[in-house]
Structures are given as structure tokens and as C-alpha cells.
2 protein chains.
Amino acid sequence: MDELPKLEELDEETLFIVSQTFKALSDPTRIRILHLLYQEELSVNNISEALHLRQSTVSHQLRFLKNLRLVKYRREGTSIYYSIDDEHVMDVLKQTIDHAQHH
Amino acid sequence: MDELPKLEELDEETLFIVSQTFKALSDPTRIRILHLLYQEELSVNNISEALHLRQSTVSHQLRFLKNLRLVKYRREGTSIYYSIDDEHVMDVLKQTIDHAQHH
DNA sequence: ACTGAATATGAATATATGTGCATATATTGC
DNA sequence: GCAATATATGCACATATATTCATATTCAGT
């Protein structure tokens, strides 16, 4: 009588963190931004132009991702360069993109 | 000059599937339902009672999960038993719960 | 201090989403 | 066919979310 590896109980805090993390990955715009940043560090303008999105749209979404510590930034002159800051979440995103494409 | 493993292009269809998949995992109620079902097959009423949720709430969320083929069901009398139908997505959920709890 | 360039922020709006109520549908036993 | 039980569905409503516009902030160069 084998059993599945038991999942730990889901406390409120874990539930919140997990749902927020997946919420970050549930919007097409944020997925595209993360997908881009996975390849290279980019400024807000770079992203805006590459994805044909308004500057404010990109800025708002980056704030969301920054609050969850999925991205980090570095200032260089008047530009701000963003890059990936959570390898685990990026792994999850890559896995799921791969899964969607090959199945 | 090493390069990162190149991600494939994100076509519209992939983007949609991926965002929908994460949307399924972005709601606390759905996470709790999947977490329960990971441990055992359960009827709508079982879930409703275990999580203190209205029957219609559970039914609505199960429809969502069923449409994405994350769960499957089997009828037994007037009851309908639901169980997990996507191991990959459950892996992703488990990984992320674990990550949230230990970091 | 002033200007131009890049980014961030707040308010407004349209749309999406989660839940509950009431009701419909489906199955079983009589 | 009828009653009882379990589940599904449609509608309404409150809340959350994504985007846009207008404006504020920050920094570099002069």
C-alpha cells in the first residue's frame, strides 16, 4: 500500500505566495516580458519597442514583477535595465512553455 | 561567449495555453482543490465539505480545471468523483509550494 | 538652474474573474 | 413516473486587473 509523497499542509501565507507567483505568470504581457528578459538584460524602452507596448504599460508590469522579486534592475544614466531575479520561477515558466509547445 | 539555451519563439497559441495554465494555478481556491485531489480522488461534496466551500463554487472551479484538462472525472451513482489529470502541472504546483515554504 | 530623455505614478475606464443564489439536469430507488 | 440526492448551469454582483492618458520624478549635459 504505497502512498503518494505527502504534500505539506497549505497555510495561508504559502497559499498567498504561491497564488501571487502564478498570477505573475498568468498574464500574456508579463510572460512576454519575462521571456525577453530571460535572453538579455533590457531597458524599459527596449522592452517597450520590442513588444510594441506603451512605456507605461511596461513600467506598470515591471513594478508588479519587481514587487514579487522576479526581476531586478540597475540604473545606467537615465535608463533602467531590468533582468531576471528568480531562477526557480523562470525554470517553471520554461518548463511550461516547453510542455505547451510539444504536447 | 556562452549563450543561454535559446527559448523558442512565443506564438500566440502557446502564449494563450501557458497563461491559461498559470491562471488556473493563480487562485487560492483552485490551488486548495488541486492540493486535495493530489492526495485522493474526491466527489464534489467531499471537496465542498473538506474546504468549507459552497457546492456551486466547487462545481464552477472544477469546470474551469476540467476545461483545461487538469482534472478528470468519473460518475458513480449520483456522485461524480474528480481526480488529477495532468502530472506535469501538478509537478509545477508542488515545486512552487515547496519553494514558497522553504525559502 | 534649465532642458531633454527615460522612467514611474495616479486616476480613470473597460474588462475579467470569483462567488452566491436560484434553478436545471441527471441518476437512483421506489 | 415520482421523490430524493448530487451535480451543473445561468445570472447577477462585487471586486480585481490591465491598459491608457496625463503628469510627476529622476538624471545628464550644458
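Atom set for the values below is all heavy atoms of this structure, side chains included, hydrogens, waters and symmetry mates excluded. Chain letters run A, B, ... following the sequence lines, proteins first and then strands; every chain starts at 1. Note that this is a predicted model, so its numbers are computed, not measured.
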Fill in: Most 5' of Thr29(A) and Thr78(A) on DNA chain D, judged by nearest nucleotide
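Whichever sits nearer the 5' end wins; that is Thr29(A).
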Discussion item. I want to confirm an ordering. Mapping Gly77(A) and Phe64(A) to their closest nucleotides on DNA chain D, which one lands closer to the 5' end?
Written reply: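 Between the two, 5'-proximity favours Phe64(A).
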Return the value, rounded to whole Å, for the distance between atom [atom1] of [X] and atom [atom2] of [N].
X        : N       : atom1 : atom2 : answer
Leu53(A) : dT7(C)  : CG    : P     : 14 Å
Leu15(A) : dG18(C) : CG    : C1'   : 15 Å
Asn67(A) : dA8(C)  : CG    : P     : 12 Å
Ile33(B) : dT19(C) : CD1   : C1'   : 12 Å
His52(B) : dG20(C) : NE2   : P     : 14 Å
Leu62(A) : dT7(C)  : CG    : P     : 10 Å
Arg74(B) : dT7(D)  : CZ    : C1'   : 15 Å
Ile80(B) : dA26(C) : CD1   : C1'   : 8 Å

Counting only side-chain N and O atoms of [X], is one of them less than 4.0 Å from OP1 or OP2 of [N]?
X        : N       : answer
Arg75(B) : dA26(C) : no
Asn45(A) : dT7(C)  : yes
Arg63(B) : dA8(D)  : no
Tyr82(A) : dA6(C)  : no
Arg54(A) : dA18(D) : no

Quick one: label [X] by what it contacts on the DNA or RNA (base, sugar-phosphate, nothing), any heavy atom closer than 4.0 Å.
X        : value
Tyr73(A) : nothing
Tyr81(B) : nothing
Thr57(A) : base
Gln61(B) : sugar-phosphate
Ser56(A) : base

Fill in: Cation-pi check, Arg75(A) onto Tyr81(A) ring (under 6.0 Å, within 45° of axis)
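Cation-pi check for Arg75(A) and Tyr81(A): fails.
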Practice prompt. Establish, yes or no, whether the cationic atom of Lys66(A) lies under 6.0 Å from the six-membered ring centre of Tyr82(A) and within 45° of the ring axis.
Written response: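 So Lys66(A) doesn't make the cation-pi contact.
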Worksheet item: Any chance the side chains of Ser48(A) and Asn45(A) put a donor and an acceptor closer than 3.5 Å?
Response: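 Ser48(A) vs Asn45(A): no donor-acceptor pair found between side chains.
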Worksheet item: Looking only at atom types and distance, does a side-chain atom of Ser59(B) sit under 3.5 Å from a main-chain N or O of Ser56(B), one as donor and one as acceptor?
Response: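 Such a contact is absent between Ser59(B) side chain and Ser56(B) backbone.
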Fill in: Proximity to the side chain of Asp27(B) - top-ranked nucleotide from dT7(D), dT7(C), dT19(C)
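Selected nucleotide: dT19(C).
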Worksheet item: Is there a donor and acceptor pair, one atom on the side chain of Gln55(B) and one on the base of dA6(D), closer than 3.5 Å?
Response: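 Looking at the base of dA6(D), it does not pair with any donor or acceptor on the side chain of Gln55(B) (distance under 3.5 Å).
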Worksheet item: When rounded to the nearest 0.5 angstrom, what is the spacing between CG in Leu37(A) and CZ in Arg32(A)?
Response: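 Rounded to the nearest 0.5 Å, the CG-CZ separation comes to 12.5 Å.
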Worksheet item: Does His60(A) lie flat on the base of dT9(C), that is, centres under 5.5 Å apart and planes under 30° off?
Response: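 Stacking between His60(A) and dT9(C): present.
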Item to complete: Kindly indicate whether the side chain of Val92(A), heavy atoms from C-beta on, has any atom under 4.5 Å from the side chain of Phe22(B).
Response: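 SC-SC contact between Val92(A) and Phe22(B) confirmed.
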